[in-house]
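These numbers come from a predicted model, not from an experiment.
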Amino acid sequence: MCSAVPRSDWWPRVANPYTSLARAQWRSFASYRTSFVVDLLSNVGGTALDVVAVLVLFQATRTVAGFSLSEGLLIVSLSSLAFALADFTVGNVDRLKTYVRTGLLDAVLVRPLGALPQLLLMDLPLRKALRLVVGVGVLAVALHVNAIAWTPARVALIVIAPLAGAVFFGAIFVISASVTFWWIDSGDLGSAFTYGGRDFTAYPVPVYSGWFRALFAYAMGFGFVAYQPAVTLLGRDDPLGLPAWAGFLSPLVALIAAAAAAFMWRAGIRHYRSTGS
């Protein structure tokens, strides 16, 4: 009878291959330090421009959909930090179309490792690390300029909301990339939901109206990335009439999105047929 593998033996066997992939990525960056530093600094603009766009909007008007500049800054900071974290950890899955087209995915699938973790570690975007620093800094400023009545629940929410938002955006990245298994030239469609979703969540949801708001904010869940947590943190009434505790639903929405992404990914892997390379 086979005995169970002790955890002390099992864990290194699982973790070491992924650690080796991550180390290989780091060595490749270290070999071209100047290029890496330039990429690192240039990628800061991705997060900074999101914030600048909101600040420019508030230069034209004192309030947007009933929200002040400081409140709008809180919304965009939650959105930017969540997206930066998701883009750093999962965003390079959008390269899947290249792997499928070139046949590299075949080599990934024959290895005794999970396909998705391999794809993420094969091109770990360390050049995007400063986006996280900028995102945390903007969130700190937003919390400082807003008079938030801190309670234990709100302290927990300010930690959970960006993480839940990152899980949500990460799920959108995986779902969008998985469409490649059926439609290899689906890049623009995927970007509409990933980068388009980032832009959507950077503004107060009441800015949008009709079916567009109902579909993206609530049917698809983008409204729970930044807007609803911000309303709960600020302790103000939601113009759309949702209860004050709606912001605490963001982890649940993120888990639903993650489950949908897992289902989509598994379905895509089962559907995939080798290129024969």
Side-chain angles (χ1 to χ4, degrees), residues 22 25-26 29 36-57 71-96 116-117 119-146 157-177 190-205 216 220-230 233 247 250-251 253-254 257-258 261:
Q25 280 293 304
W26 176 252
F29 287 125
F36 174 64
V37 171
V38 171
D39 283 345
L40 196 67
L41 295 175
S42 63
N43 268 277
V44 172
T47 299
L49 287 177
D50 293 342
V51 178
V52 170
V54 172
L55 295 178
V56 169
L57 176 62
E71 293 170 335
L73 185 62
L74 178 60
I75 294 173
V76 71
S77 66
L78 288 171
S79 169
S80 296
L81 179 54
F83 186 86
L85 183 57
D87 194 24
F88 178 75
T89 55
V90 185
N92 60 340
V93 75
D94 61 7
R95 293 173 57 88
L96 178 64
L116 184 57
L119 292 176
L120 298 182
L121 289 172
M122 283 168 63
D123 187 22
L124 190 64
L126 294 176
R127 61 189 179 278
K128 298 179 180 179
L130 277 184
R131 289 189 182 186
L132 298 175
V133 177
V134 173
V136 171
V138 174
L139 179 58
V141 172
L143 295 176
H144 176 72
V145 299
N146 282 282
L157 182 60
I158 197 57
V159 175
I160 293 172
L163 298 177
V167 171
F168 180 88
F169 275 127
I172 299 299
F173 271 113
V174 173
I175 292 172
S176 299
S191 296
F193 291 96
T194 52
Y195 297 97
R198 175 198 63 185
D199 295 340
F200 182 93
T201 58
Y203 300 93
V205 168
F216 281 89
M220 297 184 65
F222 284 98
F224 293 92
V225 171
Y227 172 72
Q228 294 299 161
L233 286 168
S250 58
V253 173

Are the side chain of Ser77 and the backbone N or O of Leu74 linked by a donor-acceptor pair below 3.5 Å? yes

Kindly give the heavy-atom pair with the smallest separation between Ser79 and Ala202, and that separation in Å. OG-N, 3.8 Å

Residues Phe173 and Asp87: closest non-hydrogen pair is CZ-OD1, 3.7 Å

Taking it one step at a time, do Leu139 and Leu78 satisfy side-chain contact (heavy atoms from CB on, under 4.5 Å)? CA-CA 7 Å; Leu139 179 58; Leu78 288 171; 3.9 Å; yes

For the backbone of Arg198 and the side chain of Thr201, can you confirm whether one donor and one acceptor N or O come within less than 3.5 Å of each other? yes

Does Thr89 reach the main-chain N or O of Leu85 with its side chain, forming a donor-acceptor pair under 3.5 Å? yes

List the atom of Phe169, the atom of Val225, and the distance in Å for their closest heavy-atom pair. CE1-CG1, 3.6 Å

How many angstroms lie between atom OG of Ser250 and atom CG of Leu163, to the nearest 0.5 angstrom? 9.5 Å

Might you point out which heavy atoms bring Val54 and Gly72 nearest each other, and give the distance in Å? CG1-O, 4.3 Å

Measure the acute angle between the ring planes of Phe222 and Phe216, then classify it against the limits of 30° and 60° as parallel, tilted or perpendicular. tilted

Looking only at non-hydrogen atoms, find the nearest pair between Ile160 and Pro251 and report the distance. CG2-CG, 3.4 Å

Quick check: closest heavy atoms across Ala254 and Ala164, and the distance to 0.1 Å? CB-O, 3.3 Å

Among all residues two or more places apart in sequence or in another chain, which pass the side-chain contact (heavy atoms from CB on, under 4.5 Å) test with Leu57? Val64, Tyr203

For residues Leu143 and Ile158, determine if any side-chain heavy atom of one lies less than 4.5 Å from a side-chain heavy atom of the other. yes

Results of side-chain contact (heavy atoms from CB on, under 4.5 Å) for Val141 - residues two or more places apart only: Leu73, Val145

Not counting sequence neighbours, which residues clear ring-ring contact (aromatic ring centres under 6.0 Å, His included) with Tyr195? List them please. Phe83

